Number of protein chains: 2
Amino acid sequence: MTGSQPSRRGRLPRAEREARRQEIVDAARAELVESGFDRLTMAAVARRAGASKETLYAWFGSREQLVAALIEDNADASAERVAALLEGAAAGDPHEVLTAYARGLLELLCGESSIALNRAAMTSPELAATLLAGGRHRVGPLVEAYLARASTAGELDVPDPAEWFRLLYGLVVQDTQIRVLLGERPPSPRERRRQADQAVERFLALSAGLG
Amino acid sequence: MTGSQPSRRGRLPRAEREARRQEIVDAARAELVESGFDRLTMAAVARRAGASKETLYAWFGSREQLVAALIEDNADASAERVAALLEGAAAGDPHEVLTAYARGLLELLCGESSIALNRAAMTSPELAATLLAGGRHRVGPLVEAYLARASTAGELDVPDPAEWFRLLYGLVVQDTQIRVLLGERPPSPRERRRQADQAVERFLALSAGLG
DNA sequence: TGACAACCGTAACGGACAGTACGCATATTG
DNA sequence: CAATATGCGTACTGTCCGTTACGGTTGTCA
């Protein structure tokens, strides 16, 4: 899969460097998913990526920084998806927008990459800070801003966007995240959709029924 | 603190063996909280407990089994508290019972022991299984049974106890657990109480308002 | 085309630490 | 008071792995 038409030796053409970097990141992510952070070895990543350890250190600095790069890579992807959803559909029906967000959140948290990266982050304060900065602390405000907008537009009634974002999170995720982090099988896609949809129903019911 | 009036050498009196074991477990927990699982060394535990590494291996078998013993120790304590609360106060007002449970849950999850043990469990399938067996899979049914009892007694209206337990969990915990596991400062006791109480209000509102 | 730079493969260095072995000290047991 | 079973302290062994170093190769760039 990882394109190797040229013989991967010698200096890299400028145009390929970006793609090469992504190949290495992907290899590292695959190793992390398979082995977990504490069993992740630089040798295994190098072998899988068809790279040398020296290149890994030249590009990423250290084992921990390599994993930090993985985290940022993942965070960028998911934050952009959320931003596109919430900003693009600013005029959409909150019920639909929130449902789409809730489904995506549950999807994300049940993905093997998120699981592996969250586990890894818990073993190192630096990685944890990186994950929070790229995840929760970046996506949270987007959702809060959306809730605030929908609220002033009269489509919703949430007095405190920050608090209601946390409520939404709890309704959607429940104990799913901690359970999958502890190794339980994630709910099926069907189950996930049901869980997300029901969470939004409850969220809107609470929003409507109680100041 | 760790009682050392006798000079801790030679064969142990039978009566002291139990207490000695607890001392070692406590020392291990303290080390785990300070250093985390991957930096937890048997030498450090031995030093802190005033024991020898050989004794650690004789009593617990391996590093991983030592941590498993910690997990079981913690799980026993918390499961007994929940059982006492729910069985003892079977006739109490559900509002009060659930509030007490919710406060205790949040308290537990924010405690440094729980945080350290949950982090540790995520690095090893065996430890994770131990934690789930002693925690979630032991306490969950207790709460579900309580909800079922309260429901048949007409004090509550929860058609599916298992699902409503998960809902309660989500309302109480929200994103608190994942954030403290990632190193954020836990909410203050005041904040925790407010969060727990509000969760119960919402739980009861949903229970009353929606089949 | 001729430096030069970056990359791969392999090997070597060094530290950390789980687990084991051993000698001495102390309590139990008879 | 022997004889024995533990338990402490220390030193040792083996292994794993992050990190660095080196030689050979292939592409870029002037």
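What you see is a predicted model; the values in this text were computed from it and never measured. Throughout, protein chains are lettered first and strands after them, A, B, ... in sequence-line order, and every chain is numbered starting at 1.
- Look at B/Trp59 and you won't find any side-chain N or O under 4.0 angstrom from OP1 or OP2 of D/dT6.
- A search for side-chain contact (heavy atoms from CB on, under 4.5 Å) contacts involving A/Glu112 returns A/Val33, not counting sequence neighbours.
- Under the ring-ring contact (aromatic ring centres under 6.0 Å, His included) criterion, B/Tyr169 pairs with no residue, sequence neighbours left out.
- Evaluation of the side chain to side chain donor-acceptor pair (under 3.5 Å) rule for B/Arg63 yields no partner, not counting sequence neighbours.
- Note on A/Arg20: a side-chain N or O is less than 4.0 Å away from OP1 or OP2 of C/dC8.
- Close to D/dG7, at under 4.0 Å from its OP1 or OP2, lies no side-chain N or O of B/Thr55.
- Residues passing the side-chain contact (heavy atoms from CB on, under 4.5 Å) test with B/Arg194 are A/Glu163, B/Glu191, B/Gln198, sequence neighbours excluded.
- End-to-end axis angle of the helix from C/dT1-D/dA30 to C/dG30-D/dC1, using five pairs per end and rounding to 10°, comes to 20°.
- Protein atom CD of A/Glu31 is 16 Å distant from nucleotide atom C1' of D/dG18, rounded to whole Å.
- Within the 4.0 angstrom heavy-atom criterion, only backbone atoms of the sugar-phosphate kind lie near A/Ala51; the bases stay farther away.
- By the side-chain contact (heavy atoms from CB on, under 4.5 Å) test, A/Ala27 pairs with A/Arg48, A/Ala49, sequence neighbours left out.
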Under a 4.0 Å heavy-atom criterion, the protein footprint on nucleotides 15-22 of chain C, written with B, S and -, is --SBBBBB
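- In the set C/dC7, D/dG9, D/dT6, the nucleotide with an atom closest to the side chain of B/Ser52 is D/dG9.
- Interatomic distance, CG of B/Leu40 versus CD of B/Glu31, reported as 6.5 Å (0.5 Å rounding).
- By the side-chain contact (heavy atoms from CB on, under 4.5 Å) test, B/Glu72 is found to be paired with B/Thr130, residues two or more places apart in sequence or in another chain being considered.
- Here the P atom of nucleotide D/dT6 and the CG atom of B/Leu56 are 17 Å apart, to the nearest Å.
- For the salt bridge (Lys or Arg N to Asp or Glu O under 4.0 Å) test, no residue two or more places apart in sequence or in another chain qualifies with B/Asp160.
- A/Arg166 and B/Thr176 are linked by a side-chain donor-acceptor pair at a separation below 3.5 angstrom, with hydrogens and angles left out of the test.
- Nucleic acid contact for B/Arg17: sugar-phosphate only, since backbone atoms but no base atoms lie under 4.0 Å from a heavy atom of the residue.
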